[in-house]
Amino acid sequence: MNIDLTKDAVSTAKKLIGCRLYTIASDGTRVGGIITETEAYNQDDAASHSYKGKTPRTEVMFGPAGHIYVYFTYGMHWCMNIVVGEEGRGEAVLIRALLPDSGLDIIRKRRNNKQDHELTNGPAKVCQALSVTGADNGAELNKGRFVLLSPKHALVFEATERIGITKDRHRLWRFVAK
DNA sequence: CTATAGATAATCT
DNA sequence: GATTATCTATAGG
């Protein structure tokens, strides 16, 4: 992994498109694939959990880059971010979608045998497929069960408005591979 | 294919 | 008490 995660959230969110993200299953299988959709959040952004400063929930966001920030939402879903930027700035990149390329059997099982195009095309689906929960909050990439690898090939992407937010909609901080 | 309702609990006001 | 960085099932075109 040679991506520099200590740059700002917007540029890092773009660089993460095409990277490969996996978690290691209990049998050693790598489960995950190529990141195809990300969103950037930082402390100046009213849509960000870090906007109002450090709280018990957002503590990890204000820690060092390269750790995982996991949050629970809508009463039933987990979503995962990669903490980026300089420590203390409260920046992170939400992993919204993957193109699975490893551990497909495990992913299908965890995702209740959904159609292939619906396995990991949403942030809570990614967490379910990679078995990420609140227990993983604060974990460090490439140390424990999380693996992040550089892209094999650069991907073309576009910038759009972020999904599911009501504040600061105008920022084009969602990045989607074409 | 699009549109919409309902589920359901942590977090913050 | 309101909001929420969502997903699924279902109804309709």
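Quick caveat, the model's predicted, so the values are computed rather than measured.
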With a 3.5 angstrom cut-off on both distances, give the Watson-Crick or G-U wobble partner of [N], or none if there isn't one.
{"N": "B/dA3", "answer": "C/dT10"}
{"N": "B/dT8", "answer": "none"}
{"N": "B/dT13", "answer": "none"}

To the nearest Å, give me how far apart [atom1] ([X]) and [atom2] ([N]) are.
{"X": "A/H117", "N": "C/dC7", "atom1": "NE2", "atom2": "C1'", "result": "14 Å"}
{"X": "A/R96", "N": "C/dA5", "atom1": "CZ", "atom2": "C1'", "result": "7 Å"}
{"X": "A/Q115", "N": "B/dC1", "atom1": "CD", "atom2": "P", "result": "12 Å"}
{"X": "A/N42", "N": "C/dA5", "atom1": "CG", "atom2": "C1'", "result": "14 Å"}
{"X": "A/E37", "N": "C/dA5", "atom1": "CD", "atom2": "C1'", "result": "11 Å"}
{"X": "A/R169", "N": "C/dA5", "atom1": "CZ", "atom2": "C1'", "result": "12 Å"}
{"X": "A/F72", "N": "B/dT11", "atom1": "CZ", "atom2": "P", "result": "9 Å"}
{"X": "A/H49", "N": "B/dT11", "atom1": "NE2", "atom2": "P", "result": "10 Å"}

Nearest 0.5 Å, please: how far is CZ in A/R174 from CD in A/E158?
8.0 Å
Minimum-distance nucleotide (side-chain atoms of [X] versus [options]):
{"X": "A/M76", "options": "C/dC7, B/dT8, C/dA5", "answer": "B/dT8"}
{"X": "A/N81", "options": "C/dA5, C/dT4, B/dC12", "answer": "C/dA5"}
{"X": "A/R111", "options": "B/dT8, C/dT6, C/dC7", "answer": "C/dC7"}

Closest-nucleotide 5' rank along DNA chain C - winner of A/K167 and A/N121
A/K167
Can any side-chain N or O of A/T38 pair as donor or acceptor with the backbone N or O of A/I95 at less than 3.5 Å?
no
For A/Y41 and C/dA5, do the ring centres fall under 5.5 Å apart while the planes stay under 30° apart?
yes
Aromatic ring of A/Y74 stacked on base six-ring of C/dT4, 5.5 Å, 30°
yes
Indicate whether OP1 or OP2 belonging to [N] is found under 4.0 Å from a side-chain N or O atom of [X].
{"X": "A/T166", "N": "C/dT4", "result": "yes"}
{"X": "A/K114", "N": "C/dA9", "result": "yes"}
{"X": "A/T55", "N": "B/dC12", "result": "yes"}
{"X": "A/H77", "N": "C/dC7", "result": "no"}
{"X": "A/K52", "N": "B/dT13", "result": "yes"}

Touch check for [X], heavy atoms < 4.0 angstrom, all strands: base, sugar-phosphate only, or nothing?
{"X": "A/I165", "answer": "sugar-phosphate"}
{"X": "A/R57", "answer": "sugar-phosphate"}
{"X": "A/A124", "answer": "sugar-phosphate"}
{"X": "A/R174", "answer": "nothing"}

Regarding A/K125 and A/N121, do their side chains bring together a donor and an acceptor under 3.5 Å, going by distance alone?
yes
Side-chain H-bond candidate by donor/acceptor type, A/Y22 with A/D101, under 3.5 Å
yes
Charged tip of A/R162 within 45° of A/Y41 ring normal and under 6.0 Å
yes
Return the orientation label for the A/W78 and A/F72 ring planes: parallel under 30°, perpendicular over 60°, tilted otherwise.
tilted
